[in-house]
Amino acid sequence: MVYELDRNNIPQHIAIIMDGNGRWAAERGKPRSYGHQAGVDAVRRITSECTRLGVKFLTLYTFSTENWNRPATEVAALMGLVLSSLEDEIFMKNNVRFQVIGDIKRLPIEVQEKLQGTMDHTANNSAMTMVVALSYSSRWEITKAMHEIADEVKAGTLLAEDITEDTISKHMVTNFMPDPELLIRTGGEQRISNYLLWQIAYSELYFCDTYWPDFSEDDLHKAIADYQHRQRRFGKTGAQVEQEEKK
Ligand code: IPE
Ligand code: IPE
Ligand code: MG
């Protein structure tokens, strides 16, 4: 199936909840880690296609705060996969900058070092920024932001009455990018699982049943085409939006 995409209306920022690796593996009678491994190939495919389409930020939910509660063997396999799959050459070849958001201090030290190395190495790449959310949850992030803001007020560098929505956005770990226009969740569940709660206030949500390892370029095109057929009203009336589009 070919989906006609309007190249002038590609989301600048796409966020993805990459779900369904475990079930994909189970259907094949394989261990869950086999599904995570296959998920890495999907990450490569989708990153490369997003770069080609002109997406500027791709934020991938890779490991949530809650995922620390999985069996130790699965957590270890996932950490090993982060280490083995971060190949700087692929980022360099695609001119992709690598970034991480999350409570990184909880990760094994060798993983922290590897992440830092890849961030440093790819810092000047400019086609797209791929952001991996690792040991991330939105409530962790919002709580951290509240602590920082409270500290500034206590220190007298910020007046409580000067706190705006912008102040809060600036204290989010996503402060270097715009909010996502489109959030995709694969794997059939229709929930947010503690991802980017502040940032998706007005994002378009797209859910599909495809398990993440099967998510193809075509599936991505379908999601973007769906997004492009929506009218984003931001509280206004449809007629107002149409009027503005004519201008
Ligand atoms: C998503 O796939 C990847 C991670 C959460 C690390 P899952 O591992 O959640 O796969 P399912 O949902 O059990 O199929
Ligand atoms: C969400 O998937 C987190 C990631 C994709 C990293 P989960 O599989 O952990 O979500 P729940 O538990 O089904 O909500
Ligand atoms: Mg899951």
Side-chain angles (χ1 to χ4, degrees), residues 13-47 50 57-86 98-108 110-112 114-115 118 129-144 172-174 177 180 182-200 203-216 219-220 223:
H13 180 178
I14 299 179
I16 308 185
I17 302 174
M18 310 185 288
D19 197 23
N21 295 351
R23 281 164 286 163
W24 183 90
E27 276 186 3
R28 285 158 181 77
K30 304 274 194 186
R32 295 177 56 84
S33 56
Y34 183 77
H36 297 315
Q37 179 70 58
V40 173
D41 297 332
V43 168
R44 298 223 164 103
R45 252 191 335 265
I46 298 307
T47 304
C50 282
F57 297 93
L58 177 66
T59 308
L60 302 171
Y61 205 7
T62 305
F63 189 83
S64 71
T65 302
E66 288 73 24
N67 290 149
W68 284 115
N69 298 321
R70 290 193 177 190
T73 47
E74 180 164 344
V75 172
L78 283 164
M79 293 302 144
L81 206 53
V82 171
L83 270 181
S84 65
S85 61
L86 276 179
F98 175 76
Q99 279 287 320
V100 189
I101 54 172
D103 194 1
I104 300 307
K105 292 186 305 298
R106 291 184 73 180
L107 300 169
E110 64 274 21
V111 175
Q112 295 184 37
K114 177 79 187 169
L115 294 168
T118 304
T129 302
M130 180 224 219
V131 183
V132 166
L134 258 183
S135 188
Y136 171 89
S137 76
S138 203
R139 287 189 171 187
W140 161 80
E141 175 186 40
I142 292 170
T143 306
K144 185 173 99 58
M172 293 291 151
V173 292
T174 53
M177 51 185 169
L182 174 62
L183 170 73
I184 298 172
R185 181 173 187 141
T186 66
E189 310 297 350
Q190 304 204 354
R191 57 174 168 257
I192 301 300
S193 303
N194 215 348
Y195 195 41
L196 303 176
L197 298 176
W198 174 264
Q199 298 85 345
I200 60 169
S203 302
E204 297 299 326
L205 308 184
Y206 180 89
F207 298 98
C208 68
D209 289 333
T210 311
Y211 293 142
W212 175 249
D214 284 333
F215 195 75
S216 64
D219 294 317
L220 175 71

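Just follow the structure's listing: the first ligand is 1, and inside any ligand the first atom is 1. Quick caveat: nothing in here was measured; it's all calculated off a predicted structure.
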**Report entry** Glu189 and Arg23: CA distance, side-chain angles, deciding distance, salt bridge (Lys or Arg N to Asp or Glu O under 4.0 Å) verdict
**Finding:** CA-CA 12 Å; Glu189 310 297 350; Arg23 281 164 286 163; 3.6 Å; yes
Requested in this report: Could you please spell out the steps behind the side chain to side chain contact (heavy atoms under 4.5 Å, CB included) verdict for Ser64 and Tyr195?
Outcome: CA-CA 8 Å; Ser64 71; Tyr195 195 41; over 6 Å; no
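Which of Leu78, Ile17, Asn21 comes nearest to atom 2 (O) of ligand 1 through a heavy atom is settled by distance: it is Asn21. For the residues Glu74, Arg23, Arg70, the heavy atom positioned nearest atom 8 (O) of ligand 1 is part of Arg70.
Ligand 2 has a nitrogen or oxygen under 3.5 angstrom from a nitrogen or oxygen of Arg191. Checked by distance only, ligand 2 and Asn67 come closer than 3.5 Å through their nitrogen or oxygen atoms. For ligand 2, the polar-atom distance check finds an N/O of Asp19 within less than 3.5 Å of one of the ligand's N/O atoms.
Atom numbering of ligand 2 starts at 1 in the shown order; those under 4.0 Å from a heavy atom of Phe63 are 6 (C). Annotation for ligand 1: atoms under 4.0 Å from non-hydrogen atoms of Arg32 are 7 (P), 8 (O), 10 (O), 13 (O).
Protein non-hydrogen atoms do not reach within 4.0 Å of atom 12 (O) of ligand 2.
Ligand 2 lies out of reach of Glu189, whose nearest heavy atom is not under 4.0 Å from it.
Protein heavy atom nearest atom 14 (O) of ligand 2, with residue, atom name and distance: Ser193 OG, 2.6 Å.
Looking at Asp19 and the Mg ion (ligand 3) together, the shortest N, O or S contact belongs to OD1.
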